[in-house]
Engineer: 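Let me begin by handing over the structure; questions about it come next.
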Amino acid sequence: MPVRITDENGPCRVCGKGRAIIICDGCDKPLCRTCRKFDMWQQGCGSIYTKVFCEKCAVDPWINPYGSMMD
């Protein structure tokens with residue numbers, strides 16, 4: 001799934017301060033530049049997809065197993 005960008009000009013749903021520019025791939029919250037966290041997921045042979053998460057989803061092993069604390 002490609003990165004989802006928003007142009008709603010609303011506030012970030014995490015901090016409430018910055019202007020939302022991108023959607024979290026975990027919880028669908030609009031995020032500002034400060035609150036977005038990027039991760040890369042490998043899929044298949046040589047394919048890497050960029051994923052965007054809020055801080056909570058970025059460390060949740062059920063949402064982001066590649067960036068979480070799961071061993």
Side-chain angles (χ1 to χ4, degrees):
M1 177 190 290
V3 172
R4 297 172 294 156
I5 298 173
T6 182
D7 60 355
E8 294 178 13
N9 294 326
C12 174
R13 297 262 308 274
V14 173
C15 71
K17 298 175 185 175
R19 188 175 137 262
I21 59 168
I22 204 159
I23 305 295
C24 175
D25 286 323
C27 64
D28 293 328
K29 288 181 184 174
L31 306 169
C32 68
R33 291 180 192 270
T34 304
C35 294
R36 68 185 176 185
K37 307 295 179 207
F38 289 103
D39 204 347
M40 294 187 296
W41 286 22
Q42 181 179 355
Q43 195 166 29
C45 184
S47 298
I48 298 177
Y49 297 96
T50 302
K51 302 291 267 181
V52 180
F53 299 105
C54 66
E55 183 66 36
K56 183 178 177 184
C57 291
V59 297
D60 185 330
W62 298 108
I63 296 173
N64 182 17
Y66 296 108
S68 69
M69 307 301 173
M70 183 183 276
D71 285 331

Engineer: Lys56 versus Ile63: any side-chain heavy-atom pair under 4.5 Å?
Structural biologist: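 In short, these two side chains do not touch, never coming nearer than 4.5 Å.
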Engineer: Enter the distance from Cys35:SG to Lys29:NZ here, rounded to the nearest 0.5 Å.
Structural biologist: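 One finds 10.0 Å between SG of Cys35 and NZ of Lys29.
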Engineer: Hey, could you give me the CZ/OG1 distance between Arg19 and Thr6, rounded to the nearest 0.5 Å?
Structural biologist: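 One gets 8.5 Å once the value is rounded to the nearest 0.5 Å.
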Engineer: Only one of Ile48, Asp25, Thr50, Asn64 passes side chain to side chain contact (heavy atoms under 4.5 Å, CB included) with Trp41; say which it is.
Structural biologist: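 Between Trp41 and the candidates, side chain to side chain contact (heavy atoms under 4.5 Å, CB included) is satisfied uniquely by Asn64.
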Engineer: I need the minimum non-hydrogen distance between Pro30 and Ala20, along with the two atoms involved.
Structural biologist: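 Heavy atoms of Pro30 and Ala20 come nearest at CB-CB, 3.4 Å.
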Engineer: For Ile22 versus Arg4, what's the shortest heavy-atom pair and its separation?
Structural biologist: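 In this case the closest contact between Ile22 and Arg4 is CG1-O, 3.3 Å.
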Engineer: So among Cys15, Cys12, Cys24, which one has a side chain to side chain contact (heavy atoms under 4.5 Å, CB included) with Cys54?
Structural biologist: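 Only one option passes, and that is Cys24.
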Engineer: For Ile21 versus Arg33, what's the shortest heavy-atom pair and its separation?
Structural biologist: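 Scanning both residues, the minimum pair turns out to be CD1-CG, 3.3 Å.
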Engineer: What I'd like to find out is whether the side chain of Arg36 reaches to under 4.5 Å of the side chain of Phe38, using heavy atoms alone.
Structural biologist: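 They are in side-chain contact.
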Engineer: If you link ILVMFWY side chains whenever their heavy atoms are less than 4.5 Å apart, which other residues fall into the same cluster as Ile23? By chain and number, please.
Structural biologist: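 Its cluster partners, ordered by chain and number, are none at all.
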